[in-house]
Amino acid sequence: MQRILNNAKVQKAGLALLIWAGVAACAHAATVPATQLDTVKRVCRDTMGLTAPNTDYVACVDSLTGSLAEAATNRAEASANLAGQSACSQKGLTPDTPDYAMCVLNYRDKVLGNATHVAAYHSTQNPIDIAGGN
């Protein structure tokens with residue numbers, strides 16, 4: 001085992017993995033509030049018994065921050081979808097129709113700041129304008 005660990009190729013691969021994991025953890029950490037990131041680090045350290053700069057610690061932090069970031073994205077999308085459903089129903093569109101679905105998509109995308117699906121909107125009605133003009 002010692003001979004394998006002293007192999008230059010194995011050491012370079014381990015270093016590359018550690019750097020990659022650190023970059024991945026930083027990418028997720030940027031989307032998680034500092035207080036949550038501190039909690040994640042504490043869970044990995046105290047609950048899991050891992051220490052930095054161990055690759056398992058980095059993987060733990062990356063996994064938990066990734067899960068938190070994904071959960072936040074899912075909550076924002078769900079909230080935007082509910083608001084879109086309400087707005088599109090108030091506009092008189094019928095649920096379970098293509099026009100309603102496109103209206104909800106456009107509303108959600110505008111709220112989240114994404115590109116809209118206006119090009120695919122085939123209704124004779126205008127897509128909903130959440131800025132208040134339509």
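Just so it is clear, the values below take in all heavy atoms, side chains as well, and ignore hydrogens, waters and symmetry mates.
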Evaluate the criterion side chain to side chain contact (heavy atoms under 4.5 Å, CB included) for residue pair L37 and V61; output intermediate values, then yes/no. CA-CA 8 Å; L37 183 57; V61 170; 4.2 Å; yes

Can you hop from L68 to M48 via hydrophobic side chains spaced under 4.5 Å?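 Same cluster.
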
Among L64, D56, V58, which residue meets the side chain to side chain contact (heavy atoms under 4.5 Å, CB included) test with C60?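 So, applying the side chain to side chain contact (heavy atoms under 4.5 Å, CB included) to C60 and each of L64, D56, V58, only L64 qualifies.
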
Using only atom types and a distance under 3.5 Å, with no angle test, would you say the side chain of T73 pairs donor to acceptor with the backbone of A69?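 Yes, T73 side chain to A69 backbone: donor-acceptor pair under 3.5 Å.
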
Donor-acceptor under 3.5 Å (T65 side chain, D62 main chain):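 Yes, the answer is positive, given that a donor and an acceptor are paired below the 3.5 Å cut-off.
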
Distance-only donor-acceptor pairs under 3.5 Å for side chains of residues 74-85, two or more places apart:
unit_1: N74; atom_1: ND2; unit_2: E70; atom_2: O; d: 3.4
unit_1: N81; atom_1: ND2; unit_2: E77; atom_2: O; d: 3.4

Is there side-chain contact between [X] and [Y], with at least one heavy-atom pair below 4.5 Å?
X: T97; Y: T94; result: yes
X: Y57; Y: K41; result: yes
X: P98; Y: M102; result: no

